[in-house]
Every structure is written in C-alpha cells, then in structure tokens.
Visitor: 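Right, I'll just put the structure down here and ask away after.
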Amino acid sequence: MTTPTTESPTGAAKGRRAWLREHSELGVCVLLLALGVLVLTDALTMDVDITQRGPVGPKTVPIVVGIGLLVIAALLAVDVLRGGRGEAEGGEDVDLSEPADWRTVLLLTGIFLGSAVLIEPAGFPVAGALLFWGAAFALGSRRVDRDPLIAAVLSLLTYVVFDKLLGVPLPGGPLMGVL
C-alpha cells in the first residue's frame, strides 16, 4: 500500500515560480490591461463642451484605443494560458555581452529635456529643430552641412501640419508672426 505524498512548502513555491517563469508574458497582459483601463477612464471622464463635439469628438480615439488595449490583453492572456510562447527576435544584432551605451542614452535624454524646456520660450519650430538635429547627432550622424537643414525643414513642416492643418496649437515663439 502506498501512502500519498504531500508536497513540501518549498516544493510548492518552486512549482509556482516555475509556472510564473513559463508564463511570464502574463506580465505584459497585466500592463496592457492597466493601460487600457487608464485610457478608458481618462476618455470617459473627459470634459467636452457641447460645441466641440461632432460625429467624431475628442473622446472617440481614446475610447477605441482603450478598448483595443483591453481586447489585446485578453487575447494575449488566453494565448499564453493555452501554451503560446513569444518567439525570440531573430533580426536583432545585439551583443548582450557588450555594456550599454550610456553616453548615447544620456545625450538623448539631455536633448529631449532641453527641447522640453525651450519649447515655450523659443517655440516649437526652434525647439523641434534642435531636438531633431540633436537626436541625429547623438545617434551618430556628423553631417553638419545637411543635418541642421533637414531638422529645420522637418520641424517647420511638423509645426505647420499640427498648428495650421490639424488645429493643434503649438507655441510658435518668436516665429509666431512670421509663420
């Protein structure tokens, strides 16, 4: 006659950790769920004036995005619980034995923060041009004959599209009267 064996508490803990390790993608599901709830909550509590509404108002896109996040979180959770596993990236040329490039990360962070500080006094066209040019420099481009021109054109084009065509007001700064 065999006696039933009981699992030790450490064995149960190891089993739980192994199960969580095998289903680690559920963490992404939880993150997507939280983002979806946050987006839907913000969209549904948005105060919209009756004169600003039309067939497609400012709540429409956030509601669609929030619902999409919830649906994707649920579908991914079902797939993971059924045994689905994400495939490793095959096209990445990342050598994990090399240290991180903190110089580039810090340069990009400084450029981003600098443009955020400059956007109000200098305006979006100037701050955006510095952001685009600085990002290109931080990522390795050293073409000082072409990069500033491309950054200025890209920044002005972005300003015109958002401010003039889409009606999203961006600070113009000293260029407000010119543009």
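Note that these values count all heavy atoms, side chains included, but never hydrogens, waters or copies made by symmetry.
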Visitor: Which atoms form the tightest heavy-atom contact between G172 and Y159, and what is the distance?
Guide: CA-OH, 3.8 Å
Visitor: Quick check: do D42 and P62 have side-chain heavy atoms less than 4.5 Å from each other?
Guide: no
Visitor: Among the clusters formed by ILVMFWY side chains lying less than 4.5 Å apart, do V30 and V80 turn up in the same one?
Guide: no
Visitor: Under the rule for side-chain contact (heavy atoms from CB on, under 4.5 Å), what residues qualify as partners of I67, not counting sequence neighbours?
Guide: L40, I63, V71
Visitor: For L32, run the side-chain contact (heavy atoms from CB on, under 4.5 Å) check against L75, V37, L69 and tell me which one passes.
Guide: L69
Visitor: So which atom in K59 and which in M46 form the shortest heavy-atom distance, rounded to 0.1 Å?
Guide: CE-O, 3.2 Å
Visitor: Within the side chain of S155, is there an N or O that forms a donor-acceptor pair under 3.5 Å with the backbone of A151?
Guide: no
Visitor: Show every donor-acceptor pair shorter than 3.5 Å between a side-chain atom in residues 107-124 and any protein atom, with sequence neighbours excluded, or say none if there are none.
Guide:
residue : atom : partner : partner atom : Å
T109    : OG1  : V105    : O            : 2.8
S115    : OG   : I111    : O            : 3.4
S115    : OG   : F112    : O            : 2.8

Visitor: Which heavy-atom pair separates C29 from A73 by the least distance, and what is that distance?
Guide: O-CB, 3.6 Å
Visitor: Side chain of D147, backbone of W133: donor and acceptor closer than 3.5 Å?
Guide: no
Visitor: What is the distance from atom CG of L76 to atom CG of L31, rounded to the nearest 0.5 Å?
Guide: 11.0 Å
Visitor: Tell me whether L166 is reachable from L170 by hopping between hydrophobic residues (I, L, V, M, F, W, Y) whose side-chain heavy atoms are closer than 4.5 Å.
Guide: yes
Visitor: Is the closest side-chain heavy-atom distance between L81 and L26 below 4.5 Å?
Guide: yes
Visitor: Rounded to the nearest 0.5 Å, how far does CG of L154 lie from CG of L131?
Guide: 9.5 Å
Visitor: Any carboxylate oxygen within less than 4.0 angstrom of a Lys/Arg side-chain nitrogen, looking at R103 and D101?
Guide: no
Visitor: How about V78 and R82: do any of their side-chain heavy atoms sit closer than 4.5 Å?
Guide: yes
Visitor: Would a hydrophobic clustering, with Ile, Leu, Val, Met, Phe, Trp and Tyr connected at side-chain separations under 4.5 Å, put V65 with V28?
Guide: yes
